[in-house]
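Computed over heavy atoms, backbone and side chain alike; hydrogens, waters and symmetry mates excluded.
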Amino acid sequence: MLNREMARLWQEIEQRDQELRDQELRKQEKSVSAWASLFLAALQHWQFWAVAGGLVLLFGLCWWLRKRSHQTASKQTASSSEDNSRLDTDKKEQEEKLSIALNVGTISAQRLLDMPESLMTVVELVDELLRRCRNLSRNAFVPQPKPAIAVGNNIDGMSHCEDHAVYHLLVPLKPPRGHSFHLEMDTVEAMPARKSRLRVELECTCRREDMLCFLHCCKEELRQNQSASLLDTLCTGHHLDMEKTTRWFQILVKAAWVVLPQSTRQCLTVLPSRRSCKLRLTDRSSNTLLIEVMFGVQQDGSDTVLSIE
């Protein structure tokens, strides 16, 4: 009897344990199922964002490629336009040079083609020469040459003698300190003549500290402490003597040319002339060009420069 009771109790205990294990197992299965559902949902969301990110990257790549293709096309169009513009400019320059050759026809075609560049080179060379002249004469009371201007009735300040180009340049003269220039007026029309004489007058410089006044200082003091005025050197009476001025300028040009770097590669010869400075420039290949420097003065109150006799 006791044994049967014990067996029944043991069987109930085992059944109870089995039920508890079954309940625990069901709980674990539910938990796993919940986690699986959460993981699946998360996985689905990640796939969505991955697909969305891929689409965004693909769209950005397409936009960049399209923009780059437009930029390349624009650059090609701009480059083509620049090339066409450059070709048109070169063509116009060539036509201008050819028209010059047809009009003149007295020197070689190559020299005609090089004419604008050669004129620019000559003007730059003369301007450098004039700067040296100003430096050499800055302490003296002599005219100061200003930058040259190409003049003449022919092409851009040029004419031709046999097979040599002649460059005509007008150099305006600036009065030195304590002096002023005045063009002589035509008594008939009250206008400056095309080639005018230049009257030189002294000005009071008593307030200046860098020189003595030619008008109000005694002659002995001026003679001992200051160079002679322009009236006492390059003038005849009260007018600038162009023959004296030309001789002075020729000497000044020779002195200035020696210190130029071009003097080691070219030979400068000052040709005889009474009222203008004529220069002959020869390089190592015996190529020669001629330069005529004429003198002028700026008309009061205007930018007009008139030649002077």
Are V166 and L271 linked, directly or through intermediate hydrophobic residues, by side-chain heavy-atom contacts shorter than 4.5 Å (ILVMFWY only)? yes
V297 vs L173, side-chain contact (heavy atoms from CB on, under 4.5 Å): CA-CA, chis, key distance, verdict: CA-CA 5 Å; V297 65; L173 298 179; 5.7 Å; no
Determine whether [X] and [Y] make a side-chain contact, defined as any pair of heavy atoms from C-beta on separated by less than 4.5 Å.
X: L125; Y: L129; result: no
X: F214; Y: T205; result: no
X: L230; Y: P176; result: yes
X: R177; Y: D210; result: yes
X: P172; Y: I149; result: yes
X: S229; Y: H179; result: yes
X: F141; Y: D232; result: no
X: L130; Y: V293; result: no

Name the atoms and distances for all side-chain donor-acceptor pairs under 3.5 Å in residues 262-269, with sequence neighbours left out.
residue	atom	partner	partner atom	Å
S263	OG	V258	O	3.4
S263	OG	L260	O	2.6
T264	OG1	P261	O	2.8

Run the salt bridge (charged side-chain N to carboxylate O under 4.0 Å, His left out) test against R280 and tell me which residues pass, sequence neighbours left out. none
Mind checking salt bridge (charged side-chain N to carboxylate O under 4.0 Å, His left out) for E201 and listing every partner two or more places apart, or none if nothing turns up? R199
Looking at every heavy atom in both [X] and [Y], which two are closest together, and how far apart are they?
X: C213; Y: L222; result: O-CD2, 3.9 Å
X: V151; Y: L169; result: CG2-C, 4.3 Å
X: P147; Y: R134; result: N-NH1, 4.2 Å
X: P143; Y: W248; result: O-CH2, 3.2 Å

Just do the side-chain contact (heavy atoms from CB on, under 4.5 Å) check on L252 and S137 with the steps written out, would you? CA-CA 8 Å; L252 189 61; S137 61; 4.2 Å; yes
Report the residues that fulfil side-chain contact (heavy atoms from CB on, under 4.5 Å) with S276, sequence neighbours left out, ordered by chain and then residue number. S273, K278, E292, M294
Across all chains, not counting sequence neighbours, the side-chain contact (heavy atoms from CB on, under 4.5 Å) partners of T236 are D241, K244
To the nearest 0.5 Å, how far apart are SG in C277 and CD1 in I291? 9.5 Å
Could you go through M242 and R197, starting from their C-alpha distance and side-chain angles, then the distance that decides it, and tell me whether this counts as side-chain contact (heavy atoms from CB on, under 4.5 Å)? CA-CA 9 Å; M242 294 313 302; R197 291 201 306 167; over 6 Å; no
Side chain to side chain donor-acceptor pair (under 3.5 Å) with E243: which residues, sequence neighbours excluded? R274
If we check side chain to side chain contact (heavy atoms under 4.5 Å, CB included) with Q224, which of these qualifies: E220, E221, Q226? E220
Any chance you could lay out the side-chain contact (heavy atoms from CB on, under 4.5 Å) test for N135 and R138, step after step, and finish with the verdict? CA-CA 5 Å; N135 289 336; R138 63 180 181 272; 3.7 Å; yes
